[in-house]
Amino acid sequence: MSFRGSHMTVIRVGVIGLGSMGLGMAVSALKAGLAVTGFDLSAERRKALAGAGGQVAESLPLLVEEADIVVSVVVNAAQTEAVLFGDQGVAETMPEGAVFISCATMAPKRAAEMAARLEAGGRHYLDAPMSGGTTGANAGALTFMASGSPDAFERAEPALQAMGEKIYRLGDAAGRGSSMKLINQLLVGVHIAAAGEAMAMAAKLGLDLEEVYEVISNSAGASWAFCDRVPSILSGDYSPKSAVSIFTKDLGIVLDTARAEGFPAPLAGNALQAYLMAEAAGMAGDNDSSVVRVYAKLAGLDLPQS
């Protein structure tokens, strides 16, 4: 049932950003029976949604004017703010009572500020960054780390259930979801960088990398990041599951937030440098496991090639 009007109407969802995550999320919502309209600057991505059975809007205001739920799958706080309050922003064209689900990784303070500003106009804001990558997005199996008012959760529930497998309610205040996502990104970013360093050192020691993967995957040194990312090193395929540039951004936010809180985060800082080196070497759009290639270049190592 829609949150507005007749109980016979379907729930209308607008998805902003149809990239590797947003397109999968939009298609998952379609599969759940929601009426989905998407917007993206890329004609190819708009065509992909239309091919999957979704509708495409020509502008942000047209996307949201009848939406019950707006899902924003953009890169960062600046883009989220532009989507909401820019020249074509949706804050005043969303119907009153509709909910805006913000999925971007950002500083908790920015999430809280945007929530307060949107809610002052009679709309709801759910701070809901997610984890699970393109695989989770395509399968409707993401993990959402969400915080917001009970009304925001109630209105967002159909979309969250369609797109997510695990939905964590982390409190009534926007910002707590973003705080949890920063902790997740700190850990994953450090773990991927550590996996790259370990595999490069294994190569330097002359170990068989396939054997290293087999042994470590079944030993105490294993992590989700090691098990998920090392196969790309073994195959030499660095097409992005999650690009290097994601971690230069997200670990940058982690370090900015730590500094603002007066909290030391040396491991996150060292990991950020690994991604910055990979980005400087021209790998910004490649898979984040590319940090291993930085070590390989520095040490003159040969890694598997695709």
Side-chain angles (χ1 to χ4, degrees), residues 1-40 42 44-57 60 62-74 80 83 90 93-105 123-170 174 177 180-181 184 241-242:
M1 128 185 356
S2 174
F3 297 118
R4 302 174 295 106
S6 168
H7 64 276
M8 296 298 292
T9 59
V10 298
I11 296 168
R12 298 187 178 276
V13 179
V15 179
I16 301 171
L18 300 173
S20 58
M21 295 292 292
L23 180 60
M25 294 163 71
V27 172
S28 292
L30 278 171
K31 291 177 179 177
L34 307 181
V36 177
T37 304
F39 175 82
D40 196 284
S42 166
E44 181 179 355
R45 293 170 184 172
R46 296 195 299 270
K47 184 178 179 180
L49 178 62
Q55 300 297 311
V56 174
L60 286 176
L62 289 174
L63 175 78
V64 305
E65 62 183 3
E66 295 184 356
D68 300 296
I69 303 167
V70 178
V71 184
S72 176
V73 198
V74 297
T80 304
V83 160
V90 304
T93 49
M94 286 173 59
E96 289 192 21
V99 61
F100 182 88
I101 303 176
S102 174
C103 297
T105 302
R123 287 84 176 174
H124 302 279
Y125 184 106
L126 194 70
D127 177 25
M130 69 281 189
S131 181
T134 56
T135 301
N138 292 336
L142 294 169
T143 294
F144 283 96
M145 309 165 202
S147 63
S149 69
D151 284 342
F153 270 107
E154 180 182 354
R155 285 161 171 76
E157 185 75 9
L160 294 178
Q161 290 292 343
M163 300 181 298
E165 183 175 61
K166 295 183 179 179
I167 301 156
Y168 291 100
R169 298 182 63 143
L170 302 173
M180 187 67 76
K181 180 62 183 291
N184 183 77
K241 285 187 174 181
S242 178

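Below, all heavy atoms of this structure are taken into account, side chains as well, without hydrogens, waters or symmetry copies.
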### Message
Run Val13 and Thr37 through side chain to side chain contact (heavy atoms under 4.5 Å, CB included) and show every step you take.
### Response
CA-CA 6 Å; Val13 179; Thr37 304; over 6 Å; no
#### Entry: Test side-chain hydrogen bond (donor to acceptor under 3.5 Å, both in side chains) applied to Tyr125 and Ser102, step by step
CA-CA 7 Å; Tyr125 184 106; Ser102 174; 3.3 Å; yes
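When every heavy atom of Ala162 is checked against every heavy atom of Ala32, the shortest pair comes out as CB-CB, 3.5 Å. Across all their heavy atoms, Thr80 and Ala104 have their closest contact at OG1-CB, 3.6 Å. Between Ser72 and Val83, the shortest heavy-atom distance links the atoms OG-CG1, 4.4 Å. Ser28 approaches Asn138 most closely through the heavy-atom pair OG-O, 3.7 Å. Listed here is the closest heavy atom pair of Gly19 and Asp40: N-OD2, 3.9 Å. Ala152 approaches Val99 most closely through the heavy-atom pair O-CG2, 3.8 Å.
At distances below 3.5 Å, at least one donor-acceptor pair connects side-chain atoms of Arg155 with backbone N or O atoms of Gly97.
Taking CZ of Phe144 as the start and NZ of Lys181 as the end, the distance is 10.0 Å to the nearest 0.5 Å. The structure places CZ of Arg12 at 6.0 Å from CD of Glu66, a figure rounded to the nearest 0.5 Å. A distance of 9.0 Å separates CZ of Phe153 from CD1 of Ile167, quoted to the nearest 0.5 Å. The line from CE of Met94 to CZ of Arg123 is 7.0 Å long, rounded to the nearest 0.5 Å. Residue Ser149 holds its OG atom at 9.5 Å from CD of Glu154, rounded to the nearest 0.5 Å. With rounding to the nearest 0.5 Å, the separation of CD in Gln161 from CG in Leu34 is 11.0 Å.
Taking the side chain as every heavy atom from C-beta outward, Met25 and Val71 approach each other to under 4.5 Å. Between Val74 and Ile16 there is a side-chain heavy-atom pair separated by less than 4.5 Å. Proximity of Leu49 to Gln55: side-chain heavy atoms (C-beta onward) are nowhere separated by under 4.5 Å. Taking the side chain as every heavy atom from C-beta outward, Leu63 and Val90 never approach each other to under 4.5 Å. Using a 4.5 Å cut-off on side-chain heavy atoms (C-beta onward), Met145 and Asn184 make contact. Proximity of Leu18 to Ser42: side-chain heavy atoms (C-beta onward) are nowhere separated by under 4.5 Å. A heavy-atom distance below 4.5 Å is not found between the side chains of Leu60 and Leu62. Under the 4.5 Å side-chain criterion, counting only non-hydrogen atoms from C-beta, Leu160 is not in contact with Pro158.
Counting non-hydrogen atoms of other residues, nucleotides and ligands closer than 6.0 Å to CE of Met21 gives a total above 12.
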Please list every donor-acceptor pair under 3.5 Å in which a side-chain atom of residues 126-134 meets a protein atom from a residue at least two apart or in another chain.
| residue | atom | partner | partner atom | Å |
| --- | --- | --- | --- | --- |
| Asp127 | OD1 | Ser178 | OG | 2.8 |
| Asp127 | OD2 | Gly175 | N | 2.7 |
| Asp127 | OD2 | Gly177 | N | 3.3 |
| Asp127 | OD2 | Ser178 | N | 2.9 |
| Asp127 | OD2 | Ser178 | OG | 3.3 |

